[in-house]
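Have a look at the structure below, then the notes.
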Amino acid sequence: ITTAVNDRARYIGDGTTVYCVNYQKASGTAVVVAEITTPAFIAYSNAVLSLTGGANTKVLFEVEELDTDAKFVSSRFTPAAGTYALEAYVATAESAAFHGYALIYKNGVSYQFGVRLTGAASGLIFPVTAVVQANGTDYFEIYAYINTTANTVSGRASTWFAGYKI
């Protein structure tokens with residue numbers, strides 16, 4: 001790929017290798033990096049969710065944009081056995097000083113923390129990514145932590161969850 005100023009790329013890493021998920025030229029032209037294997041899904045939130053201050057809150061993703069194998073149900077991804085790349089963004093609309101992060105839960109237990117971010121007088125987007133192993137009965141969900149009660153920002157560009165087999 002020949003890169004240029006204002007091109008956009010999304011990457012995910014497993015601690016050893018970094019994978020380019022997709023790449024879009026500044027002109028808007030998408031560049032095929034690699035074929036995404038299935039199952040794969042993309043879901044996003046279309047409703048504001050109140051995050052409880054000081055607690056991990058499950059994030060709901062009501063709209064499925066892609067679900068190749070019907071493995072994403074009720075805001076939960078339950079894939080066949082294999083290795084998967086997972087990524088989520090949780091956007092907040094808090095207007096005071098706060099800190100928080102997104103988490104990937106595996107089988108109801110926190111599995112991967114995202115980057116802890118601190119904001120003041122504006123919202124933040126909490127990202128989280130992981131490469132995970134699934135055994136066929138494992139399930140994955142997204143939670144968010146914030147130190148004060150706040151609302152999420154809904155919509156495809158703000159609060160979403162995606163994954164695919166690698």
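We count residues from 1, following the sequence as given. Only a predicted model underlies this, so the values are computations on that prediction, with no experimental measurement involved. For the numbers below, each heavy atom of this structure counts, side chains included, while hydrogens, waters and symmetry mates do not.
Note on Leu66 and Tyr164: separate hydrophobic clusters, where clusters join Ile, Leu, Val, Met, Phe, Trp and Tyr whose side-chain heavy atoms are under 4.5 Å apart, directly or indirectly. A continuous path of hydrophobic side-chain contacts links Ile142 to Tyr111 [ILVMFWY only; heavy atoms under 4.5 Å]. Val153 and Val90 fall into different hydrophobic clusters, where Ile, Leu, Val, Met, Phe, Trp and Tyr residues are linked whenever their side-chain heavy atoms come under 4.5 Å apart, directly or through other members. Criterion: ILVMFWY side-chain heavy atoms under 4.5 Å apart, direct or through other members. Under it, Tyr105 and Tyr145 are part of a common hydrophobic cluster. There is a path of hydrophobic side-chain contacts, each under 4.5 Å, that joins Tyr89 to Val63.
The closest donor-acceptor contact from the side chain of Glu65 to the backbone of Ile42 lies at 3.5 Å or more, if one exists at all. Although no hydrogens or angles enter the test, the distance criterion places no donor-acceptor pair under 3.5 Å between the side chain of Ser154 and the main chain of Ser45. Formation of a donor-acceptor pair under 3.5 Å by the Asn151 side chain with backbone atoms of Ala93 is not found in this model. A donor-acceptor pair is defined here as one N or O able to donate and one able to accept, closer than 3.5 Å; such a pair exists between the side chain of Asp138 and the backbone of Asn135. Without hydrogens or angle criteria, Asn147 side chain to His99 main chain gives a donor-acceptor distance under 3.5 Å. Lys106 places a side-chain N or O within donor-acceptor distance of the main-chain N or O of Gln133, the cut-off being under 3.5 Å.
Judged as a salt bridge (charged side-chain N to carboxylate O under 4.0 Å, His left out), the pairs with a partner in residues 72-86 (not counting sequence neighbours) are, in order, Arg76-Glu141. Applying the ring pair (Phe, Tyr, Trp, His ring centres under 6.0 Å) definition to pairs two or more places apart or across chains, those involving residues 52-71 are Phe61-Phe161.
Between Phe126 atom CZ and Thr152 atom OG1 the span is 11.0 Å, to the nearest 0.5 Å. Note: Tyr143 OH to Ser75 OG = 10.0 Å, rounded to the nearest 0.5 Å. Expressed to the nearest 0.5 Å, how far CG of Asn56 lies from CD1 of Ile146 amounts to 12.0 Å. Separation of atoms NZ (Lys58) and OG (Ser74) is listed at 7.0 Å; rounding is to 0.5 Å.
A centroid separation of less than 6.0 Å is found between the aromatic rings of Tyr84 and Phe77.
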I'd like to know whether Thr159 forms a side-chain contact (heavy atoms from CB on, under 4.5 Å) with Val59, so could you lay out the CA-CA distance, the side-chain angles of the two residues, the decisive distance to 0.1 Å, and finally the verdict. CA-CA 9 Å; Thr159 300; Val59 180; 3.8 Å; yes
Give the C-alpha distance, both sets of side-chain angles, the deciding distance and a yes or no for side-chain contact (heavy atoms from CB on, under 4.5 Å) between Phe41 and Thr68. CA-CA 6 Å; Phe41 74 95; Thr68 61; over 6 Å; no
